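Below you'll find the structure, written out as structure tokens, and then a few comments.
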There are 2 protein chains.
Amino acid sequence: MSTGRFTPETTRLDDAARAGWLYYVAGNTQDEIARKLGVSRQSAQRLVAMAVSERLVKVRLDHPIGRCMDLAATLCDRFPLTTCEVVPSDPGAPELLTGIAIAAAALLEKTLRAPEPRIIAMGTGRALRATVEQLSRMECPQHKIVSLLGNVMSDGSATPYNAVIPMADRVGARHYPVPLPVLARDAEELRALHAQEPVRNSLALCAEADLTMVGVGQMDMSAPVLVDGFLRPAEMAELRAAGAAGEITSWVFDDRGHVIDCAHNRRVASAPLPRAADRPVIAVAVGESKIKAIRAALTGHLVNGLITNELTAERLIALP
Amino acid sequence: MSTGRFTPETTRLDDAARAGWLYYVAGNTQDEIARKLGVSRQSAQRLVAMAVSERLVKVRLDHPIGRCMDLAATLCDRFPLTTCEVVPSDPGAPELLTGIAIAAAALLEKTLRAPEPRIIAMGTGRALRATVEQLSRMECPQHKIVSLLGNVMSDGSATPYNAVIPMADRVGARHYPVPLPVLARDAEELRALHAQEPVRNSLALCAEADLTMVGVGQMDMSAPVLVDGFLRPAEMAELRAAGAAGEITSWVFDDRGHVIDCAHNRRVASAPLPRAADRPVIAVAVGESKIKAIRAALTGHLVNGLITNELTAERLIALP
DNA sequence: ATGCCCAATGGGCATTTGCTTAGTCAGTGG
DNA sequence: CCACTGACTAAGCAAATGCCCATTGGGCAT
């Protein structure tokens, strides 16, 4: 395009946006778009695809699917929740994260659009990672994004499902990766780590976060903490014997949602869970295997909000 | 079913919403949806279509261009326009010409790239001058560029915002500068001028132009015609008293877009305006002060295309 | 019971879309 | 100077989609 000579990057995205609008809003065919934009059909198709992949087009379903609304209402009723969102399940792939990721991203964006500075605290995990991938690019340097837990594994490598760094990148906010391991070697080392100035800063930010978003981990042999190597099978077995039902930012809790007093939790370097907080603390989780963990977290008021899907919600309600 | 009461309507809409969700959010194909919902593919397609037609799926474009496209669509809807382009305003300099100049230049280049000979008729003014400056250099001797109005001021000097000569220079096309003043001394002189062979040629070319591009002048004390000395303040006052709302290539029209029958217009030497033409006649204009003039030109179908910016488009739509 | 009406259904077909291959062209750097 | 890169276009194909139309079957009046 002729206008390309000024800001190739911007212009390309602009054209993608134009193509996306013509396609999704005006209902043009890609051929028409190609003609209107003066490019080949293939380019038009690329532009439309780019508008989607760059998350320029947001599809929202403006119909409360009766089922989902009922489930959300029931969950709010049964557990101490202030917000609850249930998205439809894909019957073929009920553990698909896309749906809850979109819902969670919409929630994050609502906070991020605020002109006043906000603090958003994030956990880690696949669900949050998927959430971040659904965020639009935006420019909000006024906000701070802080990690609830360290991103260093015991062997010194970075954790795989860190969400804070890509999130800060996408939305142009400042971020505070905590220079901490997930687990300290012992209580002694933990004290030393927490005494560091940057760590104390981060923890202080977490404590006053306007929005906290976390994943929920189950405590069985398919647990993320196990798969990702934070725990050895023997430790897992030990924790389960001690009544462990789930974990949030590595804090292991029992089936009533009480953080267990045990050796493991004494080594957890993560920010303390803001129990029964007045500000939103949202769990983002789906899956058959996580149901007990989610229920425990809700019961114990470790979170006050939940984003999940239809199937998981059904199972949560079906529990005795 | 989700609810105890049996409401076929609701259920059907719910299914539509579900199908829409699976299609647009989860990215299923209609075949998969059909399988998952246990209906035929055709029914799935009907459900998806219903989700759209019932406005259950809302598509939003998360990009500044989205708003511009919306505004353009509204303008096309409200006025008899076949093409309309709205470019983002620079919030700091909402009257900046660069944006619309780039858009207008892109439009010109699309025509200029045609291998068949084309005739492009150009008006004058700052906007068109800025447009020409955005044109890439190219070599298209097959086209003809003709001026809609003379480039000689009453004192014999050339008009400052001529666009045809630099345009022809940039794109390597033949051009037809009209050896005419902007205003004849009187109707008598006008007849004599228009009787000249080269003038008649030019006017004939204007009449069959494939693309006509003009600026729009307001009729107030900041008007270009006044600033550039084509009109004296007294004449301007007179015209305004006669209901003048704007001018295009010196033809002064009222707020319904009718060229006023007055002494001034009887002296105008410019090519006649191709009212309600079948070929594109594009106005290129921005600015708070031009809004009434633009609206009049659109209403009266003096042009069938508009290139403007976001702020001006908003104001045009906000007018009663 | 019979026939009719109408909405919903699914088959079939033309169009649209996503993607691949091959070729072109401008800019880049050795 | 030329090979290389990257991005584009053209052509074409298989899958996905949109839509027409004949069919079905339930509800309703006769």
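Just so you know, these numbers come straight off a predicted model, no measurement behind them. Residue numbers begin at 1 in each chain, while the letters A, B, ... track the order of the sequences.
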Decide yes or no, distance alone: a donor-acceptor N/O pair under 3.5 angstrom between the base of C:dG11 and the side-chain of B:Q42. yes
Report yes if a donor N or O on one partner sits less than 3.5 Å from an acceptor N or O on the other, where the partners are the side chain of A:R46 and the base of C:dG18; otherwise report no. no
Is the shortest heavy-atom distance from the side chain of A:Q42 to the side chain of A:Q30 under 4.5 Å? no
Out of C:dT16, C:dG10, C:dG18, whichever nucleotide has its closest atom nearest the side chain of B:S40: C:dG10
Looking at B:T29, does any N or O in its side chain come under 4.0 Å of the phosphate oxygens OP1/OP2 on D:dA15? no
Can a side-chain donor-acceptor contact be found between A:T74 and A:D77 if the only test is distance below 3.5 angstrom? no
So which atom in B:D15 and which in B:L37 form the shortest heavy-atom distance, rounded to 0.1 Å? O-CD2, 4.3 Å
Electrostatic pair B:E133-B:R170, nearest N-O below 4.0 angstrom: no
Please confirm whether the shortest side-chain N or O distance from B:Q30 to OP1 or OP2 of D:dG18 is below 4.0 Å. yes
Report yes if at least one side-chain N or O of A:Q45 is closer than 4.0 Å to OP1 or OP2 of C:dG18; otherwise report no. yes
Phosphate oxygens OP1/OP2 of C:dG10: is one of them under 4.0 Å from a side-chain N or O of B:S43? yes
Short side-chain N/O contact to C:dT17 OP1/OP2 from A:Y23, under 4.0 Å: yes
Indicate, yes or no, whether a donor-acceptor pair under 3.5 Å links the base of D:dG6 to the side chain of A:R12. no
